[in-house]
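Worksheet for the structure shown next.
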Amino acid sequence: MFDVLILGGGVSGISCALVLGSAKNKPFVTNKKIGIITHQKTSSLQEAIINNAYGIAPGKLGTDLLAESLQHLSETYSHIEQISTEKVLKIEGKFSEFTVTTNKNIYKTKIIVVAIGYSNTFAIEGLLHYVENHQKTLAEKQRIQLKNTDHKVTEGIYVTGTLAGWRSQVAIAAGSGAAVATDILTLWNNGIQTQSHDSTKK
């Protein structure tokens, strides 16, 4: 049983995982089991060259950033379980016992973060009734989003990035994933507002 399982290894999913990982020494996080299904094939970064994102050197290829971000997560927060080469097909259950079925395995989790792109080929059974037209793209692009309020789809299910209704920008996607991570940390901290920072100060 995962405490949280992130679906998708693009910008928003990895950003969410990094923030959750960085909180590992907080007493309400130490025993949490966190996983991420690192599917990246449909990420918008596959064809991107990044020149306008804070903290990323101009000219960075999106494919390189995707690979480097997985390595960063693995090396810095190795306690987060990375599940590769699997695609999510179905979600069943309710908070706090969901079943996530992929093309290879079945997982149990208390919380789900859906961090998949906004293509209209989205086909995860159990989430399709939340699908609506994307509110911040041109209609002819036929992009979709999941109905949500401040990233929350329903109890125990969060959505990030473009699928949450945000525009396709690296910085926005990263911030969206980080925001959901802090919402989950706050939930784990009995509703006390929470974030996770490292500091040079002792």
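Because only heavy atoms are used, hydrogens play no part in the values below, and waters and symmetry mates are left out as well, while side chains stay in.
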Can you find a heavy atom in the side chain of [X] that is under 4.5 Å from one in the side chain of [Y]?
X	Y	answer
Asn105	Tyr107	yes
Ile124	Tyr130	no
Ile34	Phe2	no
Thr109	Thr99	no
Arg143	Lys136	no
Thr63	Leu45	no
Val100	Ile112	yes
Ile6	Val114	no

For this session: Kindly determine whether Val113 and Val4 satisfy side-chain contact (heavy atoms from CB on, under 4.5 Å), including the steps that lead there.
Result: CA-CA 7 Å; Val113 177; Val4 59; 3.9 Å; yes

Give me the atom names and distance for the closest heavy-atom approach of [X] to [Y].
X	Y	result
Trp188	Phe28	O-CB, 3.6 Å
Ile36	Gly13	CD1-O, 3.7 Å
Gln135	Gln145	N-OE1, 3.0 Å
Ala173	Ser12	O-CB, 3.2 Å
Ala23	Leu185	CB-CD2, 3.7 Å
Glu92	Thr101	OE1-OG1, 4.4 Å

[X] side chain to [Y] main-chain N or O, any donor-acceptor pair under 3.5 Å?
X	Y	answer
Ser78	Glu75	no
Ser74	Leu70	no
Thr38	Ile83	yes
Asn133	Ile144	no
Thr149	Lys152	no
Ser96	Lys110	no
Asn189	Leu187	no
Ser69	Leu66	yes
Thr186	Thr194	yes

Between the side chains of [X] and [Y], is a donor N or O closer than 3.5 angstrom to an acceptor N or O?
X	Y	answer
Lys104	Thr85	yes
His151	Ser176	yes
Glu86	Asn103	no

Problem set entry | Residues, nucleotides or ligands: over 12 heavy atoms within 6.0 Å of Glu132 CD |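 Yes - once you tally the heavy atoms of other residues, nucleotides and ligands closer than 6.0 Å, there are more than 12.
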
Problem set entry | Criterion side-chain contact (heavy atoms from CB on, under 4.5 Å) on Phe122 and Leu146, from CA distance to verdict | CA-CA 10 Å; Phe122 181 90; Leu146 297 187; 4.1 Å; yes

According to a 4.5 Å side-chain heavy-atom criterion applied to Ile, Leu, Val, Met, Phe, Trp and Tyr, with indirect links allowed, do [X] and [Y] form part of one hydrophobic cluster?
X	Y	value
Phe95	Ile184	yes
Leu128	Phe98	yes
Val170	Ile14	no
Trp166	Val159	no
Ile116	Leu65	no

Considering residues at least two apart in sequence or located in another chain, which fulfil the side chain to side chain contact (heavy atoms under 4.5 Å, CB included) criterion with [X]?
X	value
Asn51	Ile49, Pro58
Ala174	Val11, Ser15
Gln142	Asn120
Asn52	Gln169

For this session: I would like to know whether Tyr158 and Val153 meet side-chain contact (heavy atoms from CB on, under 4.5 Å); could you show each step before the answer?
Result: CA-CA 5 Å; Tyr158 298 84; Val153 177; over 6 Å; no

Exercise. Can you list the residues that meet the ring-ring contact (aromatic ring centres under 6.0 Å, His included) rule with Tyr118, with sequence neighbours excluded?
Worked result: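 Listed in chain order: His134.
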
Problem set entry | Test salt bridge (charged side-chain N to carboxylate O under 4.0 Å, His left out) applied to Lys60 - qualifying residues, sequence neighbours left out |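 For Lys60 the salt bridge (charged side-chain N to carboxylate O under 4.0 Å, His left out) partners, ignoring immediate neighbours, are Glu68.
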
Problem set entry | Atom pair CG/NZ of Leu7 and Lys87 - distance to nearest 0.5 Å |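 One gets 13.0 Å once the value is rounded to the nearest 0.5 Å.
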
For this session: Find the distance between CG (Leu20) and OH (Tyr77) and round it off to the nearest 0.5 Å.
Result: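 Leu20 CG to Tyr77 OH: 10.5 Å, rounded to 0.5 Å.
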
Exercise. Are Ser22 and Ser196 close enough, and set up right, to give a side-chain hydrogen bond (donor to acceptor under 3.5 Å, both in side chains), and what steps lead you there?
Worked result: CA-CA 6 Å; Ser22 71; Ser196 181; 2.8 Å; yes

For this session: State whether Asp3 and Lys33 are salt-bridged, where the test is any N-O pair (Lys NZ or Arg NE/NH1/NH2 against Asp/Glu carboxylate O) under 4.0 Å.
Result: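 No.
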
Problem set entry | Test side-chain contact (heavy atoms from CB on, under 4.5 Å) applied to His79 and Lys24, step by step | CA-CA 9 Å; His79 64 289; Lys24 63 182 173 25; 3.4 Å; yes

